[in-house]
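Worksheet for the structure shown next.
Numbering of ligands and ligand atoms starts at 1, following listing order. Along the sequence shown, the residues carry numbers beginning at 1. Only heavy atoms go into these numbers, but all of them, side chains included; no hydrogens, no water, no symmetry mates.
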Amino acid sequence: MKVLAVASEAFPLVKTGGLADVVGALPQALAAHGITTTTMLPGYPAVMEAAAGRVVHTWRDLLGGGTARLLRGEIAGQPLIILDAPAFFMREGGLYGDATGADWPDNWRRFAAFARAAAEIGRGGVKGLSFDLLHAHDWQAGLAPAYLRYAGSPIKSVMTIHNIAFQGRFGADIFGELGLPEDAWAIDGVEYYGGVGFLKAGLEAADAVTTVSPTYAREILRPDFGMGLEGLVAERAARVSGIVNGIDKAIWNPEHDAALPARYSAKTLARRSANKRAVEREFGLAPGDGPIFTVVSRLTWQKGMDVLASCLDELVEMGARLAMLGSGDPGLENDFLAAAARHSGRVGVRIGYDEPLSHLLQGGADAILIPSRFEPCGLTQLYGLAYGCVPIVARTGGLADTIIDANIAAMDAQVATGIQFDGVTRDSLLHAMRRACQLFADRRCWQGIQRCGMKADFSWGKSGAAYAALYRGLIDA
Ligand code: ADP
Ligand code: GLC
């Protein structure tokens with residue numbers, strides 16, 4: 001079976017978050033099931049530099065953006081298709097916005113063009129390329145299933161929601177420029193609250209909809225999580241499923257991780273202490289007996305970072321330290337930097353994006369804090385499990401599905417892998433951090449939790465099989 005995966009990021013070429021990790025890793029998992037995945041990416045500067053390809057198609061004018069070419073190549077042995085549309089993607093700044101963080105005003109046109117090109121390939125319009133199924137990821141690819149549907153193409157499509165908070169909503173005025181037929185302007189088409197909804201269009205048109213954990217699949221049926229799309233998700237409930245993300249063990253494995261001063265396994269946990277010293281050095285932390293908590297995250301409201309920022313004085317009082325790596329809302333960045341200045345030697349903050357440092361933190365800190373208000377899946381708790389960096393998580397979405405709270409029963413049965421708390425409030429987070437400090441003080445008990453986490457299997461095996469079964473079900477239907 002041949003699948004075209006359409007996404008706006010993929011590790012190791014371009015990454016702003018977990019979407020890239022998933023799009024980068026899923027193809028290998030699917031290969032084990034006889035499925036060849038070709039990943040289609042926009043030709044951002046980083047993609048054009050890293051991946052060469054030969055031209056297989058040219059549009060003289062793709063959706064008003066001038067000349068666009070399709071390049072076919074590969075990266076790390078995986079087939080790749082790049083949409084080289086310089087007017088849309090050859091820009092300095094971020095993938096979705098300029099250096100100040102403001103969205104590109106023509107994002108609708110950029111990703112409509114991307115989706116249109118993908119659908120053109122999917123429906124067999126590009127010589128030499130043929131696929132059995134198109135898999136669209138997030139709103140940036142959301143129009144692809146819609147273009148297929150309105151072109152009357154029989155190829156099946158899957159729409160995966162990585163985060164329903166990002167929907168690609170634009171004004172009604174763009175509709176005329178999308179090149180869709182008039183009847184696409186409909187409640188069961190691309191129209192969404194009087195405008196155009198890219199994710200909404202994908203959810204309507206795709207043959208199956210997935211999201212990245214079973215709990216999130218249920219949560220988005222509710223208005224507080226569905227963010228306006230809950231009605232549509234409910235309507236399509238029979239075709240919506242939740243498949244939890246896996247992790248790429250070739251990249252995230254403490255036994256072979258080049259970013260760690262000391263490599264280790266569940267049997268050699270004592271070696272982690274060299275990594276902890278390295279974390280202390282990197283973050284200017286004074287030595288101490290208490291745990292080092294870490295955060296590796298976008299600093300946003302979704303991630304509950306405002307609540308964490310309000311807990312830092314108490315975190316220090318309880319004898320813990322914090323090593324934080326992240327970037328995001330300028331106000332939150334300043335709050336954390338101010339806390340680092342206030343608690344020099346106890347709170348260390350690095351604003352920015354640093355892949356190797358994120359590995360060091362997982363391999364050297366004692367616990368990772370993830371107080372998300374919602375979390376479709378979350379990957380940092382899975383990396384934490386694999387690295388013996390005990391996850392302290394809010395009970396929501398994929399965090400609820402992947403972590404076993406260290407309650408009395410779980411401790412008794414020796415199956416606890418982390419700490420969960422309900423409701424993202426100061427009190428609940430402080431309570432969870434205090435529990436962590438108590439458990440940490442009992443070395444044997446803490447190591448038991450670390451080892452259980454390291455044994456948990458969140459490699460892509462099971463989830464790859466679930467996607468393969470979903471694809472087969474659609475194609476055989
Ligand atoms: P989301 O995609 O919502 O941001 P995930 O937990 O699914 O959350 O994925 C986040 C990914 O981005 C992980 O691979 C994490 O390690 C990485 N990451 C987040 N912030 C940083 C950072 N500042 N530096 C390096 N990696 C980061
Ligand atoms: C989104 C979600 C995150 C998920 C990732 C990959 O960024 O916020 O929870 O892990 O996509 O699916």
### Query
Do the side chains of L369 and M433 get nearer than 4.5 Å, heavy atoms only?
yes
### Task
Run the salt-bridge test on R373 and D306 with the 4.0 Å N-O cut-off and return the result as yes or no.
yes
### Query
Are any of the side-chain nitrogens in K276 or D366 under 4.0 Å away from the carboxylate oxygens of its partner?
yes
### Heavy-atom proximity to atom 10 (O) of ligand 2, best of G398, G378, G18, G397
G378
### Message
Contact between H343 and L315 at the side-chain level, heavy atoms closer than 4.5 Å - yes or no?
### Response
no
#### Entry: Element-labelled atoms of ligand 1 that are located less than 4.0 Å from some non-hydrogen atom of D21
13 (C), 14 (O)
### Message
Quick one, F131 and V3 - any side-chain contact, counting heavy atoms below 4.5 Å?
### Response
no
### Query
Parallel under 30°, tilted from 30 to 60°, perpendicular over 60°: which one fits the rings of F374 and W301?
tilted
### Query
So do Y467 and L30 actually touch side chain to side chain, heavy atoms under 4.5 Å?
yes
### Message
Under 3.5 Å between any N/O of W252 and any N/O of ligand 1: does that happen in this structure?
### Response
no
### Query
Using a heavy-atom cut-off of under 4.0 Å, does the side chain or the backbone of S297 touch ligand 1, or both, or neither?
backbone
### Query
Can R350 be said to sit on top of F283's aromatic six-ring, NZ or CZ under 6.0 Å from centre and within 45° of the ring axis?
yes
### Heavy-atom donor-acceptor pair, R236 side chain to L203 backbone, under 3.5 Å
yes
#### Entry: Donor-acceptor under 3.5 Å (Q420 side chain, I403 main chain)
yes
### Summary
Counting from 1 in the order shown, the ligand 1 atoms closer than 4.0 Å to a non-hydrogen atom of G378 are 6 (O), 7 (O)
#### Entry: N/O donor-acceptor pair under 3.5 Å between E230 side chain and L221 backbone
no
### Query
Any heavy atom of Y383 sitting closer than 4.0 Å to ligand 1?
yes
### Query
N/O to N/O below 3.5 Å, does that happen between T16 and ligand 1?
no
### V212 neighbourhood, listing ligand 2 atoms whose heavy-atom distance to it stays under 4.0 Å
12 (O)
### Summary
Counting from 1 in the order shown, the ligand 1 atoms closer than 4.0 Å to a non-hydrogen atom of L379 are 5 (P), 6 (O), 7 (O)
#### Entry: Distance from atom 12 (O) of ligand 1 to nearest protein heavy atom, with residue and atom
K15 CE, 3.6 Å
### Message
Side chain or backbone, does R298 bring an N or O within less than 3.5 Å of an N or O on ligand 1?
### Response
yes
### Query
Got a salt bridge between E314 and R426, using NZ or NE/NH1/NH2 to carboxylate O under 4.0 Å?
yes
### Task
Looking only at protein heavy atoms, identify the closest one to atom 15 (C) of ligand 1 and say how far it is in Å.
T380 CG2, 3.6 Å
### Task
Please check if the side chain of R321 supplies one atom and the backbone of A286 the other of a donor-acceptor pair under 3.5 Å.
yes
### Message
Which residue and atom name correspond to the protein heavy atom nearest atom 21 (C) of ligand 1, and how close is it?
### Response
Y353 CE1, 3.5 Å
#### Entry: Proximal atoms of ligand 2 relative to Q302 (non-hydrogen, under 4.0 Å)
8 (O)
### Query
Where is the nearest protein heavy atom to atom 12 (O) of ligand 2: which residue, which atom, and how far?
H162 ND1, 2.6 Å
### Message
Please determine whether the number of non-hydrogen atoms from other residues, nucleotides or ligands lying under 6.0 Å from atom NE2 of H431 exceeds 12.
### Response
no
#### Entry: N or O pair under 3.5 Å between V22 and ligand 2
no
### Query
Within a strict 4.5 Å, meaning less than it, do heavy atoms of the S372 and L399 side chains meet?
yes
### Query
Any idea which atoms of ligand 1 are less than 4.0 Å away from a heavy-atom of G326?
23 (N)
### Query
Has G17 got any heavy atom lying under 4.0 angstrom from an atom of ligand 2?
no
#### Entry: Heavy-atom proximity to atom 23 (N) of ligand 1, best of S358, G17, G18, G352
G352
### Query
Among the heavy atoms of K303, does any lie under 4.0 Å from an atom of ligand 1?
yes
### Query
What part of L19, side chain, backbone, both or neither, has a heavy atom within less than 4.0 angstrom of ligand 2?
backbone
### Query
Among protein heavy atoms, which lies nearest atom 9 (O) of ligand 2, and at what distance?
E375 OE2, 2.5 Å
### Message
Could you tell me, atom by atom, which parts of ligand 2 come under 4.0 Å of a heavy atom of N245?
### Response
6 (C), 10 (O), 12 (O)
### Message
Need the ligand 1 atom indices (1-based, order shown) with element for anything under 4.0 Å from a heavy-atom of D354.
### Response
24 (N), 25 (C)
### Query
Counting heavy atoms only, which part of D21 comes closer than 4.0 Å to ligand 2: side chain, backbone, both or neither?
neither
